[in-house]
Amino acid sequence: EVQLLESGGDLVQPGGSLRLSCAVSGFTFSSYAMGWVRQAPGKGLEWVSSLSASGGSTYYADSVKGRFTISRDNSRNTLYLQMTTLRAEDTAIYYCVKAIAVAGLRTDNWFDPWGQGTLVTVSS
Amino acid sequence: QSVLTQPPSVSGAPGQSVTISCTGSNSNIGAGYDVHWYQQLPGTAPKLLIYTNAYRPSGVPDRFSGSQSGTSASLAITGLQADDEADYYCQSYDVSLTAYVFGTGTKVTVL
């Protein structure tokens, strides 16, 4: 069974940093692109970032570019999202998602499955 | 802000059918990029419902169907059931944004 388990969500002050992790099991992690999608409280879904199976290609939404860094450790079957210069509008549940193939930004990609999410709250 | 527009809510009685629209533009759906649909039950993570416009993953009932035409896509739910109450989102790729984009989301209520 494919499982994605996020961790690292917390309450952080504006301007602060946080690193999210996503531990995966049930599939060959190093063969698939992965990503993060977030959902602000009571709001819709927003794609945040994706990276290729090797980790060599990364992609970001304009809203987080320059502040967030996605990475992976294929030896540990773990995906990361390093978030810096956090803003109130970054408050959301962050979901780890599996893509359908190797490429990080394949245009026909969909996300399946999704982790249970981890809550990031940015507030003073 | 989302570039794919969905109606905020739709409703129907048990057994009836509802359709959810997803309207995009010539930089996403209209450019030929595939549309995928997700179901988010209350308090849970989204789940893939339809991929590549019209295909159902294993385990998804055939009461759910998807279609795409021009700059829009649609999700139809027939034989509405109480446990279909959820939020539904469409997703595609936008070449102008170089990004994956989601719809605004639609809440389905079973009367």
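Source: prediction; values computed, not measured. Just so it is clear: chains get the letters A, B, ... in the order the sequence lines come, proteins before strands, and each one is counted from 1.
The 12-atom threshold is exceeded at CZ of Phe27(A), counting heavy atoms of other residues, nucleotides or ligands nearer than 6.0 Å. Summarising the local packing, CZ of Arg76(A) is surrounded by 12 or fewer heavy atoms from other residues, nucleotides or ligands at distances under 6.0 Å.
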side-chain hydrogen bond (donor to acceptor under 3.5 Å, both in side chains) assessment of Tyr89(B) paired with Gln39(A): CA-CA 12 Å; Tyr89(B) 294 91; Gln39(A) 185 171 35; 3.3 Å; yes

Working for side chain to side chain contact (heavy atoms under 4.5 Å, CB included), residues Asp108(A) and Thr52(B): CA-CA 7 Å; Asp108(A) 60 345; Thr52(B) 313; 6.0 Å; no

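Smallest separation of non-hydrogen atoms from Trp110(A) and Gln91(B): CA-OE1, 3.8 Å. Here the closest heavy-atom approach between residue Gly115(A) and residue Ala45(B) is recorded as O-CB, 3.1 Å. Residues Thr107(A) and Tyr93(B) come closest through the heavy atom pair O-CB, 3.4 Å. Looking at every heavy atom in both residues, Phe102(B) comes nearest to Leu45(A) through CB-O, 3.5 Å.
Looking only at heavy-atom pairs under 4.5 Å with chain B, the residue among Leu105(A), Ile100(A), Asp112(A), Asp62(A) that has the most is Leu105(A). Comparing Lys43(A), Arg106(A), Gln116(A) by how many heavy-atom pairs each has under 4.5 Å with chain B, the most go to Arg106(A). Annotation: maximal heavy-atom pairing with chain A below 4.5 Å, among Gly105(B), Gly103(B), Ala99(B), occurs at Ala99(B).
A donor-acceptor contact shorter than 3.5 Å links the side chain of His36(B) to the backbone of Asn109(A).
Ile93(A) is not connected to Val122(A) by any chain of hydrophobic side-chain contacts under 4.5 Å among Ile, Leu, Val, Met, Phe, Trp and Tyr, and they are in different clusters. In the hydrophobic cluster analysis, where Ile, Leu, Val, Met, Phe, Trp and Tyr join through side-chain heavy atoms closer than 4.5 angstrom, Tyr94(A) is grouped apart from Val97(A). Under the 4.5 Å side-chain heavy-atom criterion for Ile, Leu, Val, Met, Phe, Trp and Tyr, Leu86(A) and Tyr60(A) are members of the same hydrophobic cluster. One hydrophobic cluster, built from ILVMFWY side chains closer than 4.5 Å, holds both Leu81(A) and Val120(A). Residues Leu48(B) and Tyr95(A) share a single hydrophobic cluster, defined by chaining ILVMFWY side chains whose heavy atoms lie under 4.5 Å apart.
With a 4.5 angstrom heavy-atom cutoff, Val37(A) touches chain B only via side-chain atoms. Only the side chain of Ser50(A) has a heavy atom closer than 4.5 Å to any heavy atom of chain B. Using a 4.5 Å cut-off between heavy atoms, Thr98(B) touches chain A through backbone and side chain atoms alike.
When ring centroids are compared, Tyr100(B) and Tyr59(A) stay outside the 6.0 Å threshold. Here the two rings, on Tyr38(B) and Trp114(A), have centers that are under 6.0 Å apart.
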